[in-house]
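Throughout, protein chains are lettered first and strands after them, A, B, ... in sequence-line order, and every chain is numbered starting at 1.
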Number of protein chains: 2
Amino acid sequence: MLSHKAKYALKALLYLAQQEETHVSRTIEIAEAATIPKKFLEQILLDLKRGHFVGSKQGKFGGYYLLKPKNDITLADIHRLFDGAIALLPCASLNFYERCSDCVDESECLLRHGLITIREETLKAMEGITIASLVKK
Amino acid sequence: MLSHKAKYALKALLYLAQQEETHVSRTIEIAEAATIPKKFLEQILLDLKRGHFVGSKQGKFGGYYLLKPKNDITLADIHRLFDGAIALLPCASLNFYERCSDCVDESECLLRHGLITIREETLKAMEGITIASLVKK
DNA sequence: TTAAACTCTACTAATTTTATAGAATTAATT
DNA sequence: AATTAATTCTATAAAATTAGTAGAGTTTAA
């Protein structure tokens, strides 16, 4: 399941995607439109900024705007930024690979191969869902 | 990601699947073979029993054995038993449906449709991975 | 100078996860 | 009947994670 953070991030991105290109959106504006706790959203927008998904303008009349094209932001990207690996175990992950602490011999693991298959399929599906595809409904 | 519980459950089921049909396996035997903390495994095996995946024999010379055919136990089943919904949000789940607390109008939600698509695809993939398919490597 | 916004660090409360402890029960064997 | 070896059950605890809050600092436009 997605964390609230990831869900809120997606809702915020969807809000931004629906504004005019030139418009910068204040945090409070996004928070109210998407029913997200404002102080929590502040952190999330900063994370999205550090991930280069949104840009910001500081000071009065500042706010946030999409930095990437809507169809370059995928569900997989947001999942990885907020919730980490797509794979079901770290040993089956591309971007968050780690050995399992209880694993004796990874090459002998019966689970791993199956989980790599799952990761490949869900990753493909999650890369197909973009902010653009979601807005188009 | 899978919880340790779900991972241990899968490893335990794989161990049982590799024994002879008539053999009952003691908890300690499974725990050592699959490097799972024994007392933790006890709980997991009870959960698997309550889920009708394994059966048990009590008393001396007791232990656990597979109750279902190896190809009737899917990754989706075990995920649901230990980690709950396959879907990324409760509102997109079949078996664990719930409204999102922050959702104003579900029918208007841009996220939900995409997440239902993801759930359908990952579910199909996860139903394709069974204890039998994993053992066959 | 002021107002209105983003930025940053720290903290906290609640929940979930990952176990562990120990007593109770069951069944086979001696 | 007693012993042994196993499952079963309930309670507890420590650690990690999640969700959210607080408040001071910085930036920019008017």
Step-by-step side-chain contact (heavy atoms from CB on, under 4.5 Å) determination, A/L88 to B/M126: CA-CA 11 Å; A/L88 290 173; B/M126 288 176 76; 4.2 Å; yes

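- Residue side chain B/Q43 reaches the base of C/dT20 through a donor-acceptor N/O pair under 3.5 Å, judged by distance alone.
- Between the side chains of B/D102 and A/T35, no donor-acceptor pair of N or O atoms lies under 3.5 Å.
- You'll find that the side chain of B/S3 is closest to C/dT18, out of D/dT8, C/dT18, D/dG20.
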task: Please report the C-alpha distance between A/K38 and A/E42 in whole Å, then the side-chain angles of each, then the deciding distance to 0.1 Å, and finally whether the salt bridge (charged side-chain N to carboxylate O under 4.0 Å, His left out) criterion is met.
output: CA-CA 6 Å; A/K38 193 227 173 193; A/E42 283 181 10; 3.3 Å; yes

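- Nucleotide D/dT7 holds its P atom 12 Å from the OH atom of B/Y65, rounded to whole Å.
- The shortest distance between the side-chain N/O atoms of B/K39 and the OP1/OP2 oxygens of C/dA21 is not below 4.0 Å.
- Contact between the side-chain N/O atoms of A/R50 and the OP1/OP2 oxygens of C/dC8 is found at a separation under 4.0 Å.
- Checking the phosphate oxygens (OP1, OP2) of C/dT7, a side-chain nitrogen or oxygen of A/S56 falls inside 4.0 Å.
- Going from atom NE2 of B/H4 over to atom C1' of C/dT20 covers 16 Å, rounded to whole Å.
- Distance CD1 (A/I44) to C1' (D/dT18): 11 Å, rounded to an integer number of Å.
- For the OP1/OP2 pair of D/dA19 and a distance below 4.0 Å, the side-chain nitrogens and oxygens of A/K5 include no atom meeting the criterion.
- Across all strands shown, A/G59 has heavy atoms under 4.0 Å from base atoms, whether or not it also approaches the sugar-phosphate.
- One atom, CD1 of A/I28, and another, C1' of C/dT7, lie 17 Å apart when rounded to the nearest Å.
- Each of A/L2 and B/G63 was matched to the nucleotide of DNA chain D holding its nearest heavy atom; the match closer to the 5' end belongs to B/G63.
- If you measure from atom NZ of B/K60 to atom P of D/dA2, you get 17 Å, rounded to the nearest angstrom.
- Counting to the nearest Å, the C1' atom of D/dT7 and the NZ atom of B/K49 are 8 Å from each other.
- In this structure, A/Q58 places its CD atom 5 Å from P of C/dT7, rounding to the nearest Å.
- The side chain of B/Y8 places an N or O atom within less than 4.0 Å of a non-bridging phosphate oxygen (OP1 or OP2) of C/dA19.
- Spacing between atom CD1 of A/I36 and atom P of D/dG20 amounts to 11 Å, rounded to whole angstrom units.
- In this structure, a donor-acceptor pair under 3.5 Å is absent between the side chains of A/H23 and A/Q18.
- Of the N and O atoms on the side chains of A/E21 and A/Y65, not one donor lies less than 3.5 Å from an acceptor on the other residue.
- Looking at heavy-atom distances under 4.0 Å, A/F40 makes contact with a base.
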